[in-house]
Participant: 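What follows is a structure written as structure tokens; I'll ask about it next.
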Amino acid sequence: MKSSNNKKQLLTGNEAAAEAAILAGCRYYYGYPITPQNELVNHMAIRMPQVGGTFLQAESEIAAIYMAYGSAAAGARVMTSSSSPGISLMQEGISYLAGSELPCVIVNMQRGGPGLGDISPSQADYFQAVKGGGHGDYRTIVLAPASVQEIADLVYDAFDLADRYRNPVMLLGDAQLGQMMEPVELKKIPRTQQTPRWAVTGAEGRARNIIKSFYPVKGELEAFNIRLQRKYKVVEQKEVRYEEVNTERAEIILVAYGTCARICKEALRRISGTGLQIGLLRPISLWPFPKEPLRRLAKKAKAFCVVEMSSGQMLEDVKLAVLNRCPVHFYGRMGGGVPSSKEVIKKVLNILAPEESTLELEMSEISQELGKGLYFSTIP
Amino acid sequence: MKSSNNKKQLLTGNEAAAEAAILAGCRYYYGYPITPQNELVNHMAIRMPQVGGTFLQAESEIAAIYMAYGSAAAGARVMTSSSSPGISLMQEGISYLAGSELPCVIVNMQRGGPGLGDISPSQADYFQAVKGGGHGDYRTIVLAPASVQEIADLVYDAFDLADRYRNPVMLLGDAQLGQMMEPVELKKIPRTQQTPRWAVTGAEGRARNIIKSFYPVKGELEAFNIRLQRKYKVVEQKEVRYEEVNTERAEIILVAYGTCARICKEALRRISGTGLQIGLLRPISLWPFPKEPLRRLAKKAKAFCVVEMSSGQMLEDVKLAVLNRCPVHFYGRMGGGVPSSKEVIKKVLNILAPEESTLELEMSEISQELGKGLYFSTIP
Amino acid sequence: MIERMILIGYGGQGMMLFGRLLARVAMLDGKQVTFFPSYGTEVRGGAACYHLIVSTEEIFSPVVEEADTIIVMNQPSYLKLKNYLMPSSHLFLNSSLVKEAESFGEVKNIYRIPATEIANELGNVVASNMVMMGAYNTVKNLVPLPLFLDCLKSSLSGRKAPLFEINKLALLRGKEYVKKVYLKGEKTLEVSVV
Amino acid sequence: MIERMILIGYGGQGMMLFGRLLARVAMLDGKQVTFFPSYGTEVRGGAACYHLIVSTEEIFSPVVEEADTIIVMNQPSYLKLKNYLMPSSHLFLNSSLVKEAESFGEVKNIYRIPATEIANELGNVVASNMVMMGAYNTVKNLVPLPLFLDCLKSSLSGRKAPLFEINKLALLRGKEYVKKVYLKGEKTLEVSVV
Amino acid sequence: MVMVRIDKELCKGCELCIPFCPYNSLNMSRNLNEYGLPTVYFKEGHPCSGCRHCAVMCPEAAIEILE
Amino acid sequence: MVMVRIDKELCKGCELCIPFCPYNSLNMSRNLNEYGLPTVYFKEGHPCSGCRHCAVMCPEAAIEILE
Amino acid sequence: MQALYRAPETLLRVPTHYCPGCGHGIVQRLLAEIIDEWGIRGKTIGLAPVGCAVLAYNYLDIDMSEAAHGRPPAVATGIKRVYPDNIVFSYQGDGDLAAIGMAEIIHAASRAENITVIFANNAIYGMTNGQLAPTTLLNQRTTTTPEGRNPLTHGYPLRVCELLATLDGASFIARTSLSSPKNVLQTKEAIKKGFKTQIEKKGFSLIEVLSPCPVYWRMSPVDSLKFIEEKMTQTYPLGVFKDWGKKEL
Amino acid sequence: MQALYRAPETLLRVPTHYCPGCGHGIVQRLLAEIIDEWGIRGKTIGLAPVGCAVLAYNYLDIDMSEAAHGRPPAVATGIKRVYPDNIVFSYQGDGDLAAIGMAEIIHAASRAENITVIFANNAIYGMTNGQLAPTTLLNQRTTTTPEGRNPLTHGYPLRVCELLATLDGASFIARTSLSSPKNVLQTKEAIKKGFKTQIEKKGFSLIEVLSPCPVYWRMSPVDSLKFIEEKMTQTYPLGVFKDWGKKEL
Ligand SMILES: Cc1ncc(C[n+]2csc(CCOP(=O)(O)OP(=O)(O)O)c2C)c(N)n1
Ligand SMILES: Cc1ncc(C[n+]2csc(CCOP(=O)(O)OP(=O)(O)O)c2C)c(N)n1
Ligand code: SF4
Ligand code: SF4
Ligand code: SF4
Ligand code: SF4
Ligand code: SF4
Ligand code: SF4
Ligand SMILES: [Mg+2]
Ligand SMILES: [Mg+2]
């Protein structure tokens, strides 16, 4: 038994998220089963009673997010989790959390969509998470881990961010990250929750507190929105996270998060020694998005290539950051398709061969293969 | 009594939407009350029984969207409507409609958010509507009327688009458009619904039909997604709608939709004769977005200025279309604030005075005024 | 010509009806028109505020930024009107309920109509809106009165039909009052052409 | 070294347990490891497929694109393995259930283990997974057997403790079988170092 | 002696207090408060048993009863 | 004569048909179908009244009863 | 002079936004009275719904939270699980509780969630201008049933107390009305019993209050009370539908 | 030879995805039998839920639609309003119907929506690996109640028939089981009665079927039937809870 792995546990991403939440002082968890995040619910059911916390299986995702709203209003560290369809049902609640400035950690282990779709991994909820699938001008801090260890680390941090900014924080994983087992070390310091002064606790000996998002007096809602936007500016300045791999001399820079980023790293390893100069920028915070690093890299790179398990969602943020400074290519798989490192390499070689068109969404060749000859029923 | 107004009715935008739907052959309406779209629900309650149609007040927005799903699956023209928080609750359902390729018209009369917010006009659900607030890689066709007459015309067209592409279509209005009364002429030809061959009607004398979005066999979901993306490409090629005003010689081009576009037109009228060359591009389809016209205009204009009742959402699509070819400015009001034509003119003059920074989101001065001295509570 | 109006009062004071009616009559009279409510809130009981624009040209912004006419029905509403005033604005106050606390600077055309009292005397407090209509249209001559009365009549159908006479009376009383107190035999003003 | 494995079988055949156990033992043995299920569907009853990577270096992609080892437990699963094959792959088939319909081209290392029959003989059909483990580890020597048995024992606690012996036995039978039929006294293969 | 005080700024003239007074001691005034709503008043000199019916019914808590 | 046919490819060996046979005429075989599941068989020569209990209980509709 | 009746201190002295004669004002006043009488201002946490009572926190001087339309029971659960010894109540209308929030109320009750729900049933959607509620009476006209509620299209009036009383987790379920001083005082007693249920950790309590909405009933406030007595109680009989206390006596 | 029993034609001859001994297979077969016997394949429209029965449309040769988790009653309503003369049924699990879909089922029933609901109660979430359902028995172990269901934390078993029977719009409400051939045949009769209710336009019908999930009950299929007879029917007694037909006789 080698010592380096001594403190490690072999956990699924879902279990690691649960353990990290407990470490971060979260003692309230409300959730509803949905594959591929069931291990999170199931694990919380076992662990919360052990640590004196509350596990409650809600009657729906809507109930879960509003139970979380309640515990957040009461000043407690609280978490909920789901996967794509369930997260769609939480959109009103997330907008309410943002509108009431309540801290809350929400985990989305994305699966293939739209609709019922499938349970295989996907990154097609990027827009929903990052642009805001709910109503109104709000922002959710979105963190995208790429390993089980990072799930643990980011869930822990998510609670701090949520409290610091009184804002919901989403951990955006996928079916693969949620269900994959890897060794994890829970290395951070256990925390206990301090009840903030704005919480509803019973107004014993003090002026009452009110938690609300309703601003019916003309001008108040706009003033509140301005305050929110200022807060978001601060987050954008302070909380950007990303990883760079071999970007120093890279001609082509891959941009990918989560599972896709790992596959890109595999691609980098495969071509190391070939003389090809390929780098990777891995956004860890999807909102705030690492715009500045991309702009910096755009000055020297030849091209970017965004790799996603979607039709090209983060692609838009990359383009917005890079603007016209550099061509931005795309390689995507959809609906449960996971790109392989070979496909990524093929795409990169393709970019280096100059006959290609730039800047437009390009469907993966494999995908085109799959889609070939499909009956296109809908246009008369 | 002048003849030109002879055939006109004085209707609210909400009522006009209802009347146009009936004209388009819609005989099924499911809805749930919420200000500022109550007149639509109330009007349907009166009119549907008169035309032999079904009006049903659902128990919630979720039930409403799934009742609509049912009638769509049965092959009927069907509509539902709500305003921001209610539309958030429909996100799962909209993803299911897109995933099952069901035609359905959804009206969102946007109000101030996030959370409960207020009932005043807003355009802060743009991301939700255009990028997809639900899960997965789907698209909703989004139409943005700017007058009560246009509400009637676009609702009528929305049904055709929904049927043609077997896809949900959203009409994105706001509190002002929904509640405003203007003269309307219902000039299009009344339609009756033809039951499409894919609908569930009882499989009398034919092979059964199945409506679903579940693709559990590996590869099928991806193939389906590719088919969807192809369909969306066709929509992007064929269904872009926009209006241009005075863009020929304009130095600065305003970009605005809906209520904001009308205010921009007012601003244009106010400065006409001053020698200032200002134009307006008004997107009518928000998805597909009029990228090409913007790119064309970017070649000769000095700058763009996006005007929205949001913190800058359509702004991103304008930037994505324009890229670096031309600076893109922004003037926005939030949370129920409606820009005035004077504010727009002031902003334009400001852009023409070169000391300003470009490309970054700029909060309106009035907004800054309002927000001044506000307690920024959340960052310890 | 363009007439940009703000109507503002307590929820129950019939300003919605007043505005809709005026808009409809103007439409039938061949004008362009926009009318919309700009409530403060989702809640009951607050002040209700309506923007009405009547024009011979296409109306772009339906929002009244500077009002040609403002009609104010009660005290809390009175406090909200200042943003819309121009020196040339015509201001109609329901003097039964509005206690003026400040001056209106350069605004010349102020008409104080005891609309609630007049309506009360007629035995229907809600008819105060028609008192104001009578006064307003007499001053600004926006719509032909016979057409207005036609529309008023058809809007009060069925159970409400008996209310027509009292509303008509209220309208005439408003007309008389404003003539007597403010116009004193002058010719009524022409609608300003902008 | 890196060992990239695919385990594939019917839901009830214990491949999940097998994979988790192997992953855990490899971790305790100081290796890097990733293990994940790649079900086809949200539904019951289909083939369950697991990707397991054990490596001395950091593992980037957890997805096995080309497998060093594939273990196939039944007929429907058998049909799904072709994508992962390389000429150098080691293929372990549960020959009790897999009726081979096609050849595997250049693949040399094919081990046909009647795992279900062997397990049935031991009186526990589910232990077929351990028969495969015995055969597999004998050939590829991925983990130290004593450590594996320790972990197996601790994973079968409480009510399940009595199952340890039968599982251990199944493992040994798998080992014996593969030695007898395939290795015939040869030294077992070294794990390939990539 | 029992005194009934009605807060004119809170009273909305709903009249819910009136029918339950055993002495019929409450009445609507024609005075309007600043919202334009009529308010209720205690008929000067009328009896009051302090039964509180009026206060119990008042949605605005506009009624105070003093002894 | 009544004959009971069991579709081996549909049968999942759940045994729900077995206990309700009044003649105890059904039994589990050790043969597995291609999923690796054991299946049920009709004991050759055993009586069958055609009571249909077995078919009524079968979740897979794997049983056919012929006369 | 000494006060025979004085508005409770917990009730803030500001004009409410309710229409004249609205029942919400009465119920809110009762809540404030109980909080004063029992001295529980410091440990009571209230939930305001989305509905005409949305601004309840403007009137009650206690810690309060908003809840989205239909979700007060879920939010209350989230609060109560953090402070099991506080008194947590939700205030809900019939649209809120019986339409969009039906799943949440049933499950809070079935979970025996130790909270008290004040359910103001006015058989209408007040806030959104008078549409059909699940509790609208047969033949009652609303903006969405202009010809009156027809069971063939719009279904039947939903009796919440009868429904919830079938659940094991529901401990105290009662229906009262605001139609007279006697009934108002009974409402107060029922709310007290609800709070007592909670304080003694006996599980879920709900008090349905038949409450006038004169504006959308299109009646005077006084006629509204008659409507409650003569019409509404026919469909919604007053009474206690479940009472843990009874079992114990 | 002539068939004493032959699988119905409406049941497609493909292996199901259900675990061995799962009750869903039995109920689906019964549906196919009725459709065959009555010759109503051409006018029947089914709703498949999200749950283990999600792929029901792979087995029944009729027009079918998917509905999102919990929403079959709403989707069925949308279909039925378009085709009032067709037979529209939804098939739902206990998670689907009694947890997330509680509002929809109550309102469909209260609206007297003329549809038939087949409610497969297996006291567990089968599809997502055996979590607590609203209908899980007290002390029953599930993945989310590893120590057994404790009413203090997880609430009480929810009796759907008893709940819905309080609603005026519900016309036929019955609970049956799959624990024996006799009970299976009674289930079939109850479903027929449900369809009859609908055909005669009498309003809402629901048949709750106590159905085994051997895998997540961690029992053999045969023991599962015993569990239904001995344990489940204690909490969920079989019977007819509401019957318009009775009134008429
Ligand atoms: C998700 C959502 N849907 C709808 C609304 C609009 N809405 C506000 S209050 C209300 C219903 C009010 O009725 P009720 O609950 O009976 O309360 P009341 O006003 O009658 O007291 C509705 C539908 C909303 N705010 N949010
Ligand atoms: C919105 C949403 N939430 C959760 C799920 C995950 N999910 C699928 S089936 C199911 C419950 C299954 O239980 P039940 O309805 O009892 O059916 P069973 O599988 O037991 O037959 C859940 C929670 C989902 N698909 N969608
Ligand atoms: S306290 Fe009783 S007697 Fe006195 S005014 Fe009020 S109702 Fe009348
Ligand atoms: S009950 Fe109260 S608000 Fe109503 S009239 Fe009497 S004092 Fe005024
Ligand atoms: S039909 Fe009856 S007797 Fe014949 S095998 Fe089946 S259960 Fe036994
Ligand atoms: S009931 Fe059917 S599936 Fe089960 S063992 Fe018998 S024949 Fe096989
Ligand atoms: S609308 Fe009805 S419920 Fe709402 S405040 Fe007015 S009277 Fe009360
Ligand atoms: S998990 Fe249970 S309900 Fe689902 S198929 Fe298996 S036995 Fe049936
Ligand atoms: Mg109500
Ligand atoms: Mg179930």
Side-chain angles (χ1 to χ4, degrees), chain A residues 27-30 32 48 53-78 80 89-97 99-100 102 104 134-135 193 195 198-217, chain G residues 10 12 17 35 39-51 53-90 100-111 113 115 127:
Chain A
R27 289 296 177 275
Y28 298 89
Y29 173 86
Y30 307 98
Y32 190 76
M48 273 299 185
T54 291
F55 163 84
L56 187 56
Q57 186 178 322
E59 61 270 27
S60 69
E61 291 85 354
I62 292 183
I65 193 84
Y66 283 109
M67 288 172 183
Y69 181 105
S71 291
R77 288 199 151 180
V78 60
T80 184
L89 288 172
M90 292 184 183
Q91 291 308 314
E92 188 207 27
I94 294 173
S95 175
Y96 266 82
L97 284 164
S100 302
L102 291 177
C104 176
H135 57 287
Q193 166 73 15
T195 305
W198 47 260
V200 292
T201 61
E204 193 68 67
R206 58 159 173 78
R208 76 213 161 103
N209 286 332
I210 297 171
I211 302 292
K212 59 151 188 150
S213 63
F214 187 44
Y215 291 92
V217 176
Chain G
T10 296
L12 297 165
H17 66 287
I35 291 167
I40 53 174
R41 174 186 174 273
K43 53 185 290 195
T44 305
I45 303 174
L47 274 302
V50 174
V54 63
L55 287 176
Y57 47 71
N58 279 358
Y59 313 127
L60 293 174
D61 183 29
I62 55 172
D63 272 11
M64 287 193 80
S65 173
E66 178 178 289
H69 191 36
R71 319 304 173 196
V75 176
T77 298
I79 294 174
K80 184 73 183 188
R81 296 269 170 153
V82 178
Y83 300 115
D85 296 328
N86 281 32
I87 297 160
V88 177
F89 73 86
S90 79
I100 191 170
M102 183 50 91
E104 284 76 11
I105 197 69
I106 297 247
H107 282 278
S110 188
R111 260 195 326 266
E113 206 64 52
I115 57 171
M127 164 147 274

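Only heavy atoms go into these numbers, but all of them, side chains included; no hydrogens, no water, no symmetry mates. Chain A is the first sequence line, chain B the second, and so forth, proteins listed ahead of strands; every chain is numbered from 1.
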Participant: Taking all non-hydrogen atoms of both residues, which atom of G/Asp63 and which atom of A/Ala199 are closest, and how far apart?
Facilitator: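 Heavy atoms only, the tightest pair is OD2-O, 3.7 Å.
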Participant: Could you pull out the closest heavy-atom pair between A/Ala74 and G/Ile79, with the gap in Å?
Facilitator: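 Heavy atoms of A/Ala74 and G/Ile79 come nearest at CB-CA, 4.3 Å.
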Participant: Shortest non-hydrogen contact from G/Tyr57 to A/Lys212?
Facilitator: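 Where G/Tyr57 meets A/Lys212 most closely, the heavy atoms are OH-CD, 3.3 Å.
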Participant: Stepwise, does the side chain to side chain contact (heavy atoms under 4.5 Å, CB included) test hold for A/Glu59 with G/Ile106?
Facilitator: CA-CA 10 Å; A/Glu59 61 270 27; G/Ile106 297 247; over 6 Å; no
Participant: Evaluate the side-chain proximity of G/Val54 to A/Pro216: yes if any heavy-atom separation is below 4.5 Å, no if none is.
Facilitator: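 Side-chain contact under 4.5 Å: no.
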Participant: Relative to chain A, which segment of G/Ile87 carries a heavy atom at a distance below 4.5 Å: side chain, backbone, both, or neither?
Facilitator: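 Neither part; nothing is under 4.5 Å.
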Participant: Under a 4.5 Å heavy-atom cut-off, does chain G meet the side chain of A/Ala64, its backbone, both or neither?
Facilitator: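 No part of A/Ala64 comes within 4.5 Å of chain G.
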Participant: What's the separation between atom NE2 in G/His107 and atom CE in A/Met67, rounded to the nearest 0.5 Å?
Facilitator: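 That separation rounds to 9.0 Å.
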Participant: Between G/Ser65 and A/Ala73, what is the shortest heavy-atom contact and its length?
Facilitator: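 Minimum heavy-atom separation between G/Ser65 and A/Ala73: OG-CB, 4.2 Å.
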Participant: With chain G as the partner, which of A/Val200, A/Thr54, A/Ile62, A/Ile65 has the greatest number of non-hydrogen pairs under 4.5 Å?
Facilitator: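 Between A/Val200, A/Thr54, A/Ile62, A/Ile65, the count favours A/Val200.
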Participant: Restricting to pairs with a member in residues 59-78 of chain G, which pass ring pair (Phe, Tyr, Trp, His ring centres under 6.0 Å), not counting sequence neighbours?
Facilitator: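 Those involving residues 59-78 of chain G are B/Tyr32-G/His69, G/His17-G/Tyr59, G/Tyr18-G/Tyr59.
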Participant: Nearest heavy-atom pair of G/Glu104 and A/Ser60: which atoms, and what distance?
Facilitator: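 Minimum heavy-atom contact is OE2-OG, 4.4 Å.
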Participant: Pick one of side chain, backbone, both or neither for A/Ala207, based on which atoms fall under 4.5 Å of a heavy atom in chain G.
Facilitator: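 Contact with chain G: backbone only.
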Participant: Can you tell me how far CD1 of G/Ile40 sits from CD of A/Glu204, rounded to the nearest 0.5 angstrom?
Facilitator: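 Reported value, rounded in 0.5 Å steps: 11.0 Å.
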Participant: Does any backbone or side-chain atom of A/Ser213 lie under 4.5 Å from a heavy atom of chain G? Answer side chain, backbone, both or neither.
Facilitator: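 For A/Ser213, the contact with chain G is made by backbone and side chain together.
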Participant: Measure distances from G/Tyr83 to the heavy atoms of chain A and classify the residue's part below 4.5 Å as side chain, backbone, both or neither.
Facilitator: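 Only the side chain of G/Tyr83 comes within 4.5 Å of chain A.
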Participant: Would the distance check show the side chain of A/Arg208 and the main-chain N or O of G/Arg41 forming a donor-acceptor pair, the cut-off being under 3.5 Å?
Facilitator: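 No, A/Arg208 side chain to G/Arg41 backbone: no donor-acceptor pair under 3.5 Å.
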Participant: Given that the side chain runs from C-beta out, which part of A/Arg27 has a heavy atom under 4.5 Å from chain G: side chain, backbone, both or neither?
Facilitator: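 No part of it gets close to chain G.
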Participant: Who passes side chain to side chain contact (heavy atoms under 4.5 Å, CB included) against G/Ala68, sequence neighbours left out?
Facilitator: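 Once residues adjacent in sequence are excluded, the partners of G/Ala68 under the side chain to side chain contact (heavy atoms under 4.5 Å, CB included) criterion are A/Tyr66, A/Glu92, A/Tyr96, G/Arg71.
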Participant: Under a 4.5 Å heavy-atom cutoff, which of G/Leu47, G/Asp61, G/Val88 has the most pairs with chain A?
Facilitator: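 Ranked by heavy-atom pairs under 4.5 Å with chain A, first place is G/Asp61.
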Participant: Does any backbone or side-chain atom of G/Asn86 lie under 4.5 Å from a heavy atom of chain A? Answer side chain, backbone, both or neither.
Facilitator: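 Just its side chain gets close to chain A.
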Participant: Of the backbone (N, CA, C, O) and the side chain (C-beta and beyond), which part of G/Ile62 lies under 4.5 Å from a heavy atom of chain A, both, or neither?
Facilitator: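 Just the backbone, heavy atoms under 4.5 Å.
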Participant: Grab the two heavy atoms, one from G/Arg81 and one from A/Tyr30, that are nearest each other, plus how far apart they are.
Facilitator: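 Of all heavy-atom pairs spanning G/Arg81 and A/Tyr30, the closest is CB-OH, 3.6 Å.
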